[in-house]
Every structure is written in structure tokens, then in C-alpha cells.
Enquirer: 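Got a structure for you, questions after.
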Amino acid sequence: MSVSLSSLPLDLLLQIVNEVPRLEDRKSLRRTCLLLGDAFKPHVLSEVTLNIHRDNLNPGISLLQAIVNEREKLNEDSVCKHIRTLNIYSLSPAYFLESAVDFEERLRNLRYTYEVEKQSRRWSKAIPLSDKVAMAERQLQSLLKPALGSLDYLTAIRWRWHSKDSQWTLTSILECLESHNFHRNIKEFTFTYCPSDTHIPILFPNLKHLRVCSITGNLSEADLKKLVQHPMISDNSQLTTLCLSKVDQGYHPGIFFDGHIPTNISSLRLNGLRLASVETIIRRNLTSLELGSVMFTDNASWGSLWDILSLQRIHLRNFAMCHNTRSDYMDKMLDYFQSYSGLESFSLKGPWWYDASLYDVYAVRFYENVLPMHVNSLVNLQIKPEFESKWCFGVDNVDVVRRCKRLRSLCFKVDHRGLEPDINPDLWTIGMLYSDENGRMSVPSGSGNGSSYPNLVHLLLEMISSDLHDLEKLTLEPARNPDWAHDHTDMLFGAQFRLGVQRRLRTSVESFTHNPYNEVLNWVRVYVVDEQVLTLRRSKDGVERKKQEKQTFWKSNRITASVIQKMSRMVKKKPSSESRRK
């Protein structure tokens, strides 16, 4: 007995909706029919984004206009009633991002590795303004405040304010946050201001029912003290997640912080700070801890951190660290994570130090003893060592990684040896960057990959296709050459080595996905650093179709294998023109 979709009860349709976690899949299903369109509408519109700039004017302006037009509606179809999360990335119609070509050309003039890592595409103002941009500016000024004021059901705001967005946008949004509805409903407030040299006064509203508060920017020591004393943090018993992050400014030692962190905090993220003691951050109810470029006034505190976590039996479910400490405390860190199971997210950036006798030893211990303890619970895994080593993805750790069946996000650095050749090398560095003789023009044309090294990107993609079926995002990054760890070669070739390996990573992804005999899961988004690789997706069905097409072609042309063989024998026997002359 067949059952039509239209006959399914609403409760069952909503259950189907809840089983579709990916937003793109929800959008696709919503377009299939009116019934699913209505069922998916609240889920698709629950999170919206304002990213308004010269090359992306219409989506954001149209959204604001729709909200303002429907703010008087009381029916269930009103856009305002469905929006729960608002992301604000850009509010500057007159600005545009630097092109990818210009950005790459600028990077080619850099020398140090760290210079490349800190670069991003720049914003520039369009001069003169076109009529379209001028109209968008006027529309934004008239629509922004009334539209935000209509979002009575908003529970989360994630806001990235840039100096290009103008002071009036900052003032308008902060004024909206002072309204009664925002005070009552907002549960998450994430605010980032940039660039790193921008400083603005901390004048945040008292959002009394916050559960998540995250502030990132060019914070001063005085700003930090004001923040932790702000009522939305100090007098809020519902607050469970707190992030205080100073934007990285090179070799700045971090701003000193000895303020009181509320005892109800279970998820703590700190970055760019110098802490007086471990006791400042440890809580018995702590489940998530992120320490990015954090230092202690006493280096021994790093050892105390792991001792206290172990003694108090605090088993973190989420952990992230930018590891710049000495090797002395690596054993204690690995001991701690080997002592229990249940990690859901693990991110390690580093180690930054390099000791040829220890670097790989700790990596082997991590993959053989630590990671197996958490393969049944990990959802997010990021391993980003500073140098090419056994910390990177490779044949030694592929088997334990494939056991992490629940992974949804995976980030690895990859050794450059064995990757596809560099398609666009710097002429003055040819033959100097790579140790696998696989750079373009350094090996004969058509020689392919170095036979002694496997292509680790291909190995990783094969493993994902066969074992990690829940994965949604894969990020690949290059690591530094360990041969340059203790000399000045990095100042000559570091930046170009990193950029060249990035190109080789991208080419390796594309060569794998363009092969019709390789299976790639359609929903996996692949990034090289922070740029998505647009790949040609194929499946086993596509491979079979390709085989059938070839068979049909040969049959239709009545060319059999025996005929081809006879023709080839005739060609071999046919004498050359020179022999005929003789």
C-alpha cells in the first residue's frame, strides 16, 4: 500500500525535518513541494545573515525590507516570527573585498610563514559610488533599526563589527539591544570588532538572561576589568559560556588578567591573556576549555593545570589549545587525556617548539594511546602542528582516524611530499622549496608524483568516503618545513613554501574528485586553509554510467576487440618509409 507525502500527519513531517541537520539539504527539500516548503520554513528561516557589501547588496537589503514589510503581520507566516539567530558580518554597501588575484599577488611578496598566516583579503571603498550603491546606503539607514526592532523572537545575535561599517551602525544596533524584548529573550551575544588596532569603548547593554557571552577585539586591561564586572556577566546566574579574547597582535605578551570568573561558568574560552594562576580558570563544573595564546606568569602553572584537572576528576568534553609551552608538560597533558573517554571536540594548534628527538615521539603517543580513548565520542577534531611531522595526517595514523565514525568536522595539516605538483611556482624558488622533487619544472613533464611518497590528500579523501559518512567539513593546511626550524631559511622561503603547498593541496583535492572512479561524499565541504575547493562531485553510479557509455560507443560503431587487435598488428608490420627506400 503506497502512502503519498500529502497524507502524512504534520507531526511526522516535523520529525522528518528534525532528521535533516544540514541547512543546504533543508533548502533543497523545501523547494520540492509546497507541503515540505511549509514544514521546513521555520527551520530554514531560523538563522539569517546580513553580509552587505558592494558585491552582495541584494540579499541583505531584501531581507531587511521583508522584515519591515511584515512586522505588522500577526499570522504564522511572518518572517519575523521564525528568525531566532541573526549573524551580522558586514554593513557597508560602499566597500568591496580585494580580489583573489590581487590577494595572491600581494602574498607573493611576503617572506615569513607567519606573515602569510596573518593575512586576509582587504576591504576598499568604491570611489565614486554608483547609483546602486548609493541607493543601498539609503535603504540600509532607513531599514536597519526598524527591522531589528521587529525581531521579537530573536534569541542569539552574532555580530562582527568592522570600522568600515560606520559608527552609526554600531550605535543603532546597541540601541536596539536596550529594548525590553531583547533584554528578555536574548540568550547568546557574540561580538567581535576589528581590525586589530581598532579600539571602541565597552558600552554593552545589560542582557540579563544571557547564557553565552563572547567578546573579541583589541581589549585593554581596563576593558577586561569592566567586562567581568558588567551585570550581564557578574550578576547573571544563567551565564554558562564565557569568551574573552584579545585579537592577536604579533609577539604581544598578552594583557594581564586576574579578574573573577563567575562560578557558574562551565564553558570558558580565553585568548591573548596573561593569567596570574591556574585557580583563576578552573571550576568543578567545567566541561569546555579553550586556551588560545594564553600564558601564565609562572610557567610551572602549565603543569599545575593538568594536575588539578586530574585530581578533581574534571573530564572535559571540549578542549582547544594553542600550544606554545615547553615540551616539559606534554607528558602531563597526554596523561590527562588518556585517563578518560568522552571528548567531543579536540583542537590542538602546535606544538610550536621543535625538538627532532621528541616531536614525533609525542605524536605517536597521541595517536596510539590518547585518540583511541575518544573515537566513539569525537565530533570535531583539529590537529594543527607547527611543523611537518607525525602529528600531520599520514599512513601511520589513518587507521585510528577512520575509527572516529561520528566526526562532523576534521582539520589536518598534511606533509607536502607526494602531493600533486605546484601548478604556479615562483620562478626564483624552483628546485629550492620541496623535498620530494615534485615541483613543476623540477621533474620531467608527465612524470607524475614521486614514487616514494603517497599522495596523502588522496588517502584522506578515500578514508572519508569509505568510513566517515557523517563528516560535513574537511580543512587541509600546510605545515612548516622542520629543516628550517632553527635557522634563517624561513625568512627567505617560508611564505612561498606555505603558499606553494596550499596550491598543491588544492590541486590534489581537484585531481581526486575529477577522477570518475573515486567516490566523494556530496555533502563534504573541503577547504584549503579558509578557501573552499569547488570540486566536481562523482559517485559510484557515475562510474557505472561512464562504463556503460563506453560500452555503448564501441557497440554502436561495431568495433570489437579482435578488430582492434588485428589493426594494431597490421600497423606494427607495416614497413617505415626509410626501410622501403632501402
Side-chain angles (χ1 to χ4, degrees), residues 19-22 24-25 317-320 337-338 340-348 363-385 389-415 417-420 449 453-479 505-528 532-544:
E19 291 296 321
V20 183
R22 302 177 185 90
E24 288 304 316
D25 292 342
R317 291 201 299 269
N318 305 291
F319 177 77
F337 286 112
Q338 191 179 338
Y340 72 99
S341 299
L343 262 177
E344 296 173 8
S345 177
F346 183 84
S347 176
L348 179 64
V364 170
R365 185 182 167 193
F366 172 78
Y367 287 113
E368 290 187 355
N369 301 327
V370 177
L371 189 56
M373 299 295 295
H374 307 282
V375 292
N376 295 324
S377 56
L378 272 172
V379 177
N380 173 48
L381 178 63
Q382 298 185 32
I383 306 295
K384 302 169 69 172
S389 60
K390 290 192 175 182
W391 284 102
C392 297
F393 176 80
V395 293
D396 295 328
N397 54 47
V398 62
D399 288 330
V400 68
V401 175
R402 75 168 73 247
R403 291 168 55 193
C404 302
K405 305 291 186 181
R406 298 185 60 196
L407 280 177
R408 291 181 177 247
S409 178
L410 180 63
C411 176
F412 261 119
K413 290 199 174 183
V414 181
D415 193 308
R417 291 171 294 185
L419 299 179
E420 295 290 336
N449 291 345
Y453 302 105
N455 190 315
L456 295 175
V457 170
H458 292 183
L459 178 65
L460 178 55
L461 292 173
E462 287 170 359
M463 183 266 293
I464 290 171
S465 296
S466 62
D467 295 283
L468 303 186
H469 296 160
D470 287 340
L471 195 72
E472 298 175 6
K473 181 180 180 182
L474 171 66
T475 303
L476 304 172
E477 295 187 7
L505 287 169
R506 178 179 290 273
T507 306
S508 295
V509 173
E510 292 170 346
S511 69
F512 180 86
T513 55
H514 288 170
N515 186 335
Y517 295 94
N518 289 332
E519 182 183 10
V520 182
L521 299 179
N522 291 339
W523 54 81
V524 179
R525 290 170 289 125
V526 183
Y527 291 82
V528 172
Q532 186 171 3
V533 182
L534 300 178
T535 57
L536 177 62
R537 306 295 189 181
R538 295 184 186 267
S539 65
K540 286 183 177 178
D541 292 336
V543 174
E544 293 300 321

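These numbers come from the heavy atoms of this one structure, side chains and all, not from hydrogens, waters or symmetry mates. Because the structure is a prediction, the values reported are computed rather than measured.
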Enquirer: Rounded to the nearest 0.5 Å, what's the gap from CG on Leu474 to CG on Leu468? Could you check?
Expert: 9.5 Å

Enquirer: Any donor-acceptor pair under 3.5 Å linking the side chain of Lys390 with the backbone of Ala363?
Expert: no

Enquirer: Take the angle between the ring planes of Phe346 and Phe337 and call it parallel below 30°, perpendicular above 60°, tilted in between.
Expert: perpendicular

Enquirer: Are Asn518 and Leu461 close enough, and set up right, to give a side-chain contact (heavy atoms from CB on, under 4.5 Å), and what steps lead you there?
Expert: CA-CA 9 Å; Asn518 289 332; Leu461 292 173; over 6 Å; no

Enquirer: With side-chain contact (heavy atoms from CB on, under 4.5 Å) as the test, would you mind laying out the steps for Arg365 and Gln338 before giving the verdict?
Expert: CA-CA 10 Å; Arg365 185 182 167 193; Gln338 191 179 338; 3.2 Å; yes

Enquirer: Is the backbone N or O of Glu462 less than 3.5 Å from a side-chain atom of Ser465, with the two atoms forming a donor-acceptor pair by type?
Expert: no

Enquirer: One pair to check against side-chain contact (heavy atoms from CB on, under 4.5 Å): Glu420 and His458. What are the steps and the verdict?
Expert: CA-CA 10 Å; Glu420 295 290 336; His458 292 183; 3.8 Å; yes

Enquirer: What's the verdict on side-chain contact (heavy atoms from CB on, under 4.5 Å) for Asp467 and Lys405, showing C-alpha distance, side-chain angles and the deciding distance?
Expert: CA-CA 7 Å; Asp467 295 283; Lys405 305 291 186 181; 3.1 Å; yes

Enquirer: Between Trp391 and Phe366, what is the ring plane arrangement, given parallel below 30°, perpendicular above 60°, and tilted in between?
Expert: tilted

Enquirer: Can you tell me if Ser377 uses its side chain to pair, donor with acceptor, with the backbone of Leu343 under 3.5 Å?
Expert: yes

Enquirer: Would a distance-only check, ignoring hydrogens and angles, find a side-chain to backbone donor-acceptor pair under 3.5 Å from Trp523 to Leu471?
Expert: yes

Enquirer: To the nearest 0.5 Å, how far apart are CG in Asn397 and CZ in Arg402?
Expert: 11.0 Å

Enquirer: Output the distance between atom CZ (Arg525) and atom CD (Glu472), rounded to the nearest 0.5 Å.
Expert: 6.5 Å

